[in-house]
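All residue numbers in this chain count up from 1 along the given sequence.
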Amino acid sequence: MSTATAAAAAGDRIGTARLPLRQLFGSAVLGLRTRRLRAALSALGIAIGIGAMVAVVGVSSSAQANLVAEIDALGTNLLTVTPGQTFLGSNEVLPDTAVATIKHMANVSSAVAVYQVSSENVYRSPSVPSAQTGGIGVDAAGEALPGVVGTTMASGHFLDAVSQRYPEVVLGAQAANILGIGRVGGHVMVYLGNTWFTVVGILKPAVLDSTLDSTAFISLPVAARMFRTQPNPSEIYVRANQNDVTQVANLLAPTADPQNADGVQVSRPSDALEARAAVKGQFTTLLLGLGAVALLVGAIGIANIMVISVLERRSEIGLRRALGAKKRHISTQFLTEASLLAALGGVAGLLIGAGATEIYAQAKNEPFVIPLYALIAAPVAGFAIGALAGLYPAAKAARLSPTEALRTA
């Protein structure tokens with residue numbers, strides 16, 4: 001073989017030379033290991049951005065999972081019946097037969113009503129100024145109220161047969177907190193309508209209707225005798241069979257008030273909770289946008305550190321080019337370093353976000369939930385961001401000629 005032919009063959013081999021993946025990643029890892037502190041600080045920006053996004057998604061998902069679990073536990077078959085408003089804006093009145101007729105409906109398992117006790121307030125003692133009501137309302141209620149609305153007693157018992165004859169009261173969770181009553185017993189009393197009432201029970205928070213939490217409940221016979229409360233329900237709670245909720249909802253208005261069905265409003269409290277979960281999802285989108293800003297800052301940091309690395313490693317680049325490395329080899333190496341650096345930041349961010357979510361879930365006693373897409377997207381997003389951030393430094397490194405790189409080294 002002639003010298004010219006051998007040289008041409010050698011040139012062809014150099015021109016078609018490939019950089020094995022093992023060697024490529026080895027070079028990238030070596031480049032990062034020789035500048036550990038700088039690499040760690042650069043990856044920190046990506047880690048903080050991705051960690052914030054994972055934490056936002058995880059906390060939101062945990063809260064939503066807890067809310068959905070509460071809805072499932074309490075059931076989506078609770079319906080409420082309330083009087084609407086007339087054309088002139090005044091309140092309609094439900095007939096006193098509404099509860100009885102609703103209980104006789106097919107596919108209705110239970111129903112109970114509350115009756116507003118107008119112009120009456122509850123105080124810890126007569127010494128409290130009348131204007132300081134604490135926002136506590138007073139309602140008369142049926143004995144089955146806790147079971148129908150899906151709550152239980154935190155202390156004591158609910159209204160019973162004795163409560164229909166004597167001044168006894170049950171406090172909602174928030175009402176008890178405002179009045180400074182933690183538990184019943186020892187003849188704890190409150191001042192209601194210029195009369196001392198014995199506190200016989202405190203309800204746990206009612207998830208499906210939080211308005212009950214700031215209410216004091218007395219029996220209807222006592223309310224009628226002492227405050228002339230009329231037996232016209234201000235709200236009726238209805239439990240329907242789970243598979244017949246829609247059918248029951250459509251019939252509740254004409255059943256409650258056959259003479260004026262248009263003046264009756266029917267709703268499902270679980271719909272409001274589901275809407276609240278949807279609002280949390282929208283708020284999560286805003287927080288994700290803030291996390292994206294942190295990612296952008298991290299990407300700029302990686303691009304900056306890779307440009308500095310190119311300037312510092314000109315002698316290395318020149319030597320490799322002199323030994324036959326092509327532009328694509330140089331650019332691929334620096335692009336791999338940037339991608340690997342950001343991917344490591346993505347993994348670190350995933351761990352940070354998962355840790356923050358776990359702490360939140362433990363503090364709030366909620367399930368620990370991180371969506372599968374977040375587990376996959378964190379390192380993938382880091383890798384992609386690193387690749388984008390490394391495009392310019394990689395191109396800059398590839399454009400260096402061997403003679404220029406060795407001369408300026």
Side-chain angles (χ1 to χ4, degrees), residues 74-75 77-85 91-120 122 136-153 157-165 168-172 175 192-193 200-201 203 206-241 245 248-249 251-270 272:
L74 297 173
N77 61 334
L78 178 65
L79 299 168
T80 59
V81 179
T82 55
Q85 289 186 330
N91 292 329
E92 297 279 4
V93 177
L94 292 177
D96 55 8
T97 58
V99 178
T101 55
I102 288 175
K103 285 183 176 180
H104 284 90
M105 288 179 61
N107 302 318
V108 168
S109 58
S110 58
V112 67
V114 294
Y115 309 81
Q116 185 176 7
V117 181
S118 302
S119 303
E120 300 298 338
V122 57
I136 302 174
V138 179
D139 283 347
E143 298 178 11
L145 181 66
V148 176
V149 300
T151 188
T152 55
M153 304 302 300
H157 60 83
F158 200 68
L159 304 172
D160 55 16
V162 176
S163 306
Q164 296 182 14
R165 300 175 57 191
E168 294 183 342
V169 62
V170 174
L171 302 175
L192 194 162
V200 296
L203 287 168
V207 177
L208 289 176
D209 190 352
S210 58
T211 60
L212 299 177
D213 296 340
S214 57
T215 304
F217 299 98
I218 61 178
S219 68
L220 182 58
V222 170
R225 185 173 65 250
M226 298 182 63
F227 309 118
R228 297 185 179 180
T229 301
Q230 299 300 311
N232 301 105
S234 57
E235 188 164 10
I236 304 174
Y237 297 91
V238 181
R239 283 284 180 177
N241 295 339
V245 175
V248 171
L251 297 175
L252 272 178
T255 302
D257 191 353
Q259 303 297 326
N260 186 23
D262 293 336
V264 179
Q265 294 181 344
V266 178
S267 61
R268 185 160 63 170
S270 59

Spacing of CG belonging to Asn241 relative to CE belonging to Met105, to within rounding of 0.5 Å: 10.5 Å

Atom of Glu120, atom of Gly193 and distance for their closest heavy-atom approach: OE1-CA, 3.1 Å

Asn77 side-chain N/O to Ala240 backbone N/O, donor-acceptor pair under 3.5 Å: yes

Heavy-atom side-chain contact between Asp96 and Tyr115 under 4.5 Å: no

Inter-residue atom distance Leu171.CG - Phe217.CZ, 0.5 Å rounding: 9.5 Å

Side-chain donor-acceptor contact under 3.5 Å, Gln164 with Glu143: yes

Student check: side-chain heavy atoms of Ile218 and Phe227 closer than 4.5 Å: yes

Nearest heavy atoms of Pro95 and Ala256, plus distance in Å: CG-O, 3.1 Å

Backbone N/O of Ala141 and side chain of Asp139: donor-acceptor pair under 3.5 Å: no

Straight-line distance of Leu212 CG to Thr151 OG1, nearest 0.5 Å: 8.5 Å

Distance in Å, Ser118 OG paired with Gln230 CD, rounded so as to fall on 0.5 Å steps: 10.0 Å

N/O donor-acceptor pair under 3.5 Å between Arg225 side chain and Arg165 backbone: yes

Nearest non-hydrogen partners of Ala98 and Ile236, listed with the distance: CB-CD1, 3.7 Å

Side chains of Val264 and Leu252 in contact at under 4.5 Å (non-hydrogen atoms): no

Any donor-acceptor pair under 3.5 Å from Thr229 side chain to Val117 backbone: no

Validation row: Val169, Val122 side chains within 4.5 angstrom (heavy atoms): no

Exercise: do Thr101 and Thr255 side chains pair donor with acceptor under 3.5 Å: no

Check: Asp213 side chain, Ala206 main-chain N or O, donor-acceptor pair, under 3.5 Å: yes

Least distance between heavy atoms, Leu208 atom then Arg239 atom: CD1-NH2, 3.8 Å

Value rounded to 0.5 Å, distance of CG in Leu94 from CD in Gln265: 10.0 Å

Heavy-atom closest contact (Val170 atom, His157 atom, distance): CG2-O, 3.6 Å

Atom of Ala111, atom of Val99 and distance for their closest heavy-atom approach: O-CG1, 4.4 Å

Contact check, side chains of Arg268 and Leu78, non-hydrogen atoms, under 4.5 Å: no

Ser163 backbone acceptor or donor facing Ser219 side chain under 3.5 Å: yes

Asp262 atom CG, neighbour heavy-atom count above 12 within 6.0 Å: no

Asp209 side chain reached by Glu235 side chain, heavy atoms, under 4.5 Å: yes

